[in-house]
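Since the structure comes first, as structure tokens, the remarks are kept for the end.
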Amino acid sequence: MRLPRSFYARPTVEVARDLLGKVIRHGAASARIVETEAYLGTDDAAAHSARGPTPRTTVIFGAPGRAYVYLIYGMHYCLNVVAEREGVAGCVLIRAAEPLAGVIHLSNGPGKLTRALGITLEHYGADLTRGPLTIHAPASDEKFDIATSPRIGINKAADLPLRFFIRGNSFVSREPRR
DNA sequence: GTAATGATCTCT
DNA sequence: GAGATCATTACC
């Protein structure tokens, strides 16, 4: 069952934590989300939305439950889910997922994840409650421990504990640097 | 118009 | 530890 719009229209940190264990599906490919990071609005120096809306980040300020996709370092796409109600910035970076079906040779990290699922800039602004790219509740509820750590690969606000992952899952990208 | 930078990955 | 590689952004 697809997650309803109301799932996304909540505080970014709650959405990030609750996305763990959910299933992302793109066409025939599906994977279980095991690692996310929360990027807040204008109070978060590390977020793309920190300095107000720009042409690239307008979707972050828009309706929740949409995809924010961007190209990083000229070679990798990253997939985010827009959270918070319309008009408030906030998004969740999907960092890693455990392959379930149709995903070939998925290695670690957000860039490889989008490549494995076939996500590109075409999905910028895509509605995740309908269309080819969707997020679902898992078929059966599993128990797992949620761990928290600082976010990875950023230079600002690097001390905030806004990364969430399933403890012990081998598909989690890596431990944060120290 | 020009220059700096980055929510990464792979190889050495 | 460094290079690949380019859209976006800030500044002139």
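Keep in mind that what you see is a predicted model, and the values were worked out from it rather than measured. Here is the naming used below: chain letters follow the sequence lines, and residue numbers restart at 1 for every chain.
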* Nearest atoms (heavy-atom pairs only) where A/Thr42 meets A/Gly52 -> CG2-N, 4.3 Å
* To do: Measure the distance from CD1 on A/Ile152 to C1' on B/dG6 and round it to the nearest whole Å.
  => 16 Å
* **Residues in side-chain hydrogen bond (donor to acceptor under 3.5 Å, both in side chains) contact with A/Tyr8, at least two apart in sequence or another chain** => none
* Asked: Any side-chain heavy-atom pair from A/Ile119 and A/Val69 closer than 4.5 angstrom?
  -> yes
* Structure fact -> Cluster membership besides A/Val23, Ile/Leu/Val/Met/Phe/Trp/Tyr side chains within less than 4.5 angstrom, sorted by chain and number, is A/Leu100
* To do: Strictly below 4.0 Å, heavy-atom distances to any atom of DNA chain C: list the hits from residues 69-83 of chain A, or just say none.
  => A/Leu71, A/Tyr73, A/Gly74, A/Met75
* Asked: Heavy-atom contacts under 4.0 Å between residues 7-24 of chain A and DNA chain C, which residues?
  -> none
* In dot-bracket, 5' to 3', how would DNA chain C read with Watson-Crick or G-U wobble pairs under 3.5 Å, [ ] for crossing ones and | for pairs to another strand? -> ||||.||||||.
* Asked: Do any N or O atoms from the side chain of A/Glu84 and from the backbone of A/Ala9 form a donor-acceptor pair under 3.5 angstrom?
  -> no
* **All ring pair (Phe, Tyr, Trp, His ring centres under 6.0 Å) counterparts of A/His26, not counting sequence neighbours** => A/His123
* May I ask you to verify if any side-chain N or O of A/Arg115 is less than 4.0 angstrom from the OP1 or OP2 atom of B/dT8? => no
* **Any residue meeting side-chain hydrogen bond (donor to acceptor under 3.5 Å, both in side chains) with A/Asp127, in chain and number order, not counting sequence neighbours** => A/Arg5, A/Thr129
* Hydrophobic clusters join Ile, Leu, Val, Met, Phe, Trp and Tyr when side-chain heavy atoms are under 4.5 Å apart, directly or via other members; which others share one with A/Met1? -> none
* Nearest whole angstrom, please: distance from the C1' of B/dG6 to the OH of A/Tyr68. => 11 Å
* For A/Arg51, which residues count as a side-chain hydrogen bond (donor to acceptor under 3.5 Å, both in side chains) partner, sequence neighbours excluded? -> none
* A/Arg95: partners by salt bridge (Lys or Arg N to Asp or Glu O under 4.0 Å), with sequence neighbours left out -> A/Glu35, A/Glu37
* Could you tell me the separation between the OH atom of A/Tyr39 and the P atom of B/dA7, rounded to a whole number of Å? => 7 Å
* Structure fact -> In whole angstroms, the gap separating P of B/dA4 from CG of A/Asn155 amounts to 17 Å
* Stepwise, does the side chain to side chain contact (heavy atoms under 4.5 Å, CB included) test hold for A/Arg17 with A/Ile146? -> CA-CA 8 Å; A/Arg17 198 176 49 225; A/Ile146 295 176; 3.8 Å; yes
* **Pairs meeting criterion ring-ring contact (aromatic ring centres under 6.0 Å, His included) with involvement of residues 128-157 of chain A, two or more places apart** => none
* To do: Report the distance from atom CZ of A/Arg151 to atom CG of A/Leu160, rounding to the nearest 0.5 Å.
  => 5.5 Å
* Does any residue of residues 44-59 of chain A have a heavy atom under 4.0 Å from DNA chain C, and if so, which ones, in number order? -> A/Arg51, A/Thr54, A/Pro55, A/Arg56
